[in-house]
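Both counts, for ligands and for their atoms, begin at 1 and track the order of listing. Everything quoted here is computed from the prediction, not taken from an experiment.
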Amino acid sequence: MLPKIHLLFHPAAAFALATATMPTARAQAPLPDSPAIERQANAMVARLSLEEKVDLLGGTDFMYVRAEPAVGLPKLRLSDGPMGVRTWGPSTAYAAGIALAAAWDPTLAERTGAAIGEDARARGVAILLGPGVNIYRSPLNGRNFEYFGEDPLLAARTAVGYIEGVQSRGVIATVKHFVANNSEYARKKASSDIDERTLREIYLPAFEAAVREAHVGAVMASYNRVNGVYPANSQWLGADLLKGEWGFDGIYMSDWHAAHDGVEAANAGLDLDMPRGESMNRETLLPAIKAGTVLVAAIDDKVRRIFRTALRFGFLDRDQTDLAIPPYDQQDRPVALEGARASIVLLKNQDAVLPLDPERVHTLAVIGPDAWPAVAEAGGSGNVVAFDPTSILKAVSDFVGRGGRVLYSPGLPAPADVYYNSVFDPAGPNGAIRVEAFANADFSGPPTSVKYEERANQAKNNVGDAKSVRFTAHFTPPKRGDYLFLAQAKGSDTYVLYVDGREVIHQYRRESQAPAFASVGLEGGKTVEVRLDFVPGDEGDMARFGVVAADAVVPANVKKIAAMADAALVCVGFNSDLEGGGDNFSGGEGESYDRTFSLPFGQDVLIKAVAAANPKTVVTVTSGGGFDSRAWLPDVPALIENWYLGQEGARALTEILFGLRSPEGKLPITMENSWADNPVHDHYYPEGGMTSADPHVKYAEGVFVGYRYYTTSGCRPLFPFGFGLSYTTFAFSKLSVPATGDSDQGVTVTVEVSNTGPRAGAEVVQLYVGDPSARVPRPVKELKAFEKIRLEPGMSHRVKFHLGRRAFAYFDSTAHRWRVDPGRFVLYVGDSSEATPLTAEVRLDR
Ligand code: BGC
């Protein structure tokens, strides 16, 4: 039997992290710009030759701004983020951006930013490449986990907090990727085609707030094109909007290798070509300057920006490395834990199956691929190597201690085991799979070699210089049912898997990839052909595939331990290879591919099998956003969205599972039932198809992204934006809104929130505005203010919001300005975009 929680849980030990505070002595906020700084920056510019100035416009050694000893500028070290300091060895890993947004707490974002700023100082990092603020447009985008969700206001508030935190420690934050980088496939080619109103209302506000409110020191131009033009080369985005209208006075840098034409980039306002001045260099710029197509004044402005920012942040006056800050910093751990605690979202809790009662749950089954090892982060440049990330298995087991039992299984075979154990019908002399190699990329003509293999499980297919390889096998299903086909290649390889002549998986060419699977219904005893047409890419020569019966994929012992336990915890979802990262062969460094809406291989079947064996099944999903739960959600009583919670995440989850704390995260995204419900579904991919040479992605949904679409169309989401359950209950009352107002003065709104349940908890009061009399179509509701309130049982709090002009305005694309149409506005207050029990109206005269 498990002892009572308070015996197991020693606040003085590992979990006591929350009581520690950040020392303020470490703060080193940047100086505001001043005439003195401008004078000094100008004097520095004046001391350099044109060549020396041009050299400064390209980075060096992959992660540095060049030094200029003649003016005392040291080499400035950069690091990836945003969920920790990535580039320079292990570091504290915090909850991912999407999780930080799920906390709905800009002050937490600031504490997190400050802790990351300290980690940066410990590693001599002057410029942190975060935060990422691209809007969650579709659940498929492979880098959603880095960003702050689907709503521009929530993203802006979270970004401002994060940036102010980082910069308060004397480190430049870099807001990225500017702009409309909302998918990963074809990220370096695709054009996001968006009208100005949609850009202004949805995709730009978080960048605008980062510049205008948080005074971010750097902005990174994105890989994708916007309306046909690369942002690094866009006069409108760089020179006119960012630097002109918003008054950005810091450093505008390119994403890595994303500046395309040096002269164009120089004139468009790009200051720093990363990582090494491939486009802006002496070769391209000196002749242009001589010819007068690039002005010396433009070069001076760029160099001045680098100097000004370096002066403001104090880089000329101190060593950026602060050796007194411990690299494994106990000051950070409470912040990382707090971030995880605040962001876990409880989505379903039928019959109050959670929290688990240690008096009743003596044996707990912990099952699933995400239970161990720890899945603290997703992949790619956002992946931080944490010193000591705790897995869910370890955190739960340590909590339970010797007072109870935790039974464990990964639940599913590793893909390598599926390839190895796949049994195809006997065929050629030495094996079941015929492997034909071709000297061309389209499998035409006779093969240059034919051989037979027993399995397609090799890390190398050894087909020499073949330009395409066809694998053909035959499979006779022992009985009627669903069969899971799994296939995997590497990098830019492409392939198509056919079962019985039908295409079931199509891997298009992209920069990198993850394993793919398809479930196919087959007749018993009827042999089908399984064919993989494989075209090696740059990495080449690695393809694997296999098949397993859906009802055999979960080992019998898994169902047994689930049945033996008083409750089962199924830990599924993605990981650093499957989301944001690289492929399994390289260990996750690739970026540039999207993830699937369906959960990875076999996980639906696993959840169903465990739920059938144990009625108290709790599912936790690790993901950067929505996923398909239709196959099993009705069968499981509890579901938790776990995001990527960083190194302390599993401890936070354990606290919530066992009721030491109430969950308080709220979705920063809408979770739809099916991907087809999403307003972006029909135009997520380019108009000319995935192989288009000039891909254009039409943002045809306009401003109706996420809940803006769902609340307006009446299509019901599975879990709405803003939604998240607690172990206690809250009520809203006494909404007070003036009957009339004036948008220039703004409108002040008050509302009371009460904890009506049995225990302490936190609620997010969400205020949405609707403009039914607008001259343009507007969403029924748009989030315009929010506040997170912690309350003891029985307590109430009055929240006051002030709505400024922007809260009522839309962007008028004809007049190119924000506009308020006088008339009736509806204010909605509630705890999600769908549940807004209080409404009131205000009439604005102007
Ligand atoms: C990513 C950026 C990152 C940069 C440097 C790029 O591939 O898109 O987010 O900061 O690499 O690692």
Here the atoms of ligand 1 under 4.0 Å from any heavy atom belonging to W256 are 4 (C), 5 (C)
Within 45 degrees of the axis of the six-membered ring of Y223 and under 6.0 Å from its centre: does K188 put its NZ or CZ there? yes
Heavy atoms only: which of T87, D80, L128, D255 lies closest to atom 10 (O) of ligand 1? D80
Cut-off 3.5 Å, side chains only: do Y684 and D594 have a donor facing an acceptor? yes
Using atom types as modelled and distance alone, determine if a side-chain donor or acceptor of S254 lies under 3.5 Å from a backbone N or O of W256. no
Look at ligand 1 and say whether E146 reaches it with a heavy atom at a distance under 4.0 Å. no
Is any side-chain heavy atom of E208 closer than 4.5 Å to a side-chain heavy atom of R200? no
Counting heavy atoms only, which part of E184 comes closer than 4.0 Å to ligand 1: side chain, backbone, both or neither? neither
Between D195 and Y699, is there a side-chain donor-acceptor contact under 3.5 Å, judged purely by atom types and distance? no
Where does R187 meet ligand 1, judged by heavy-atom distances below 4.0 Å: at the side chain, the backbone, both, or neither? side chain
Determine whether the side chain, the backbone, both or neither of M63 has a heavy atom under 4.0 Å from any heavy atom of ligand 1. side chain
Under 4.0 Å, counting heavy atoms only: does M220 come that close to any atom of ligand 1? yes
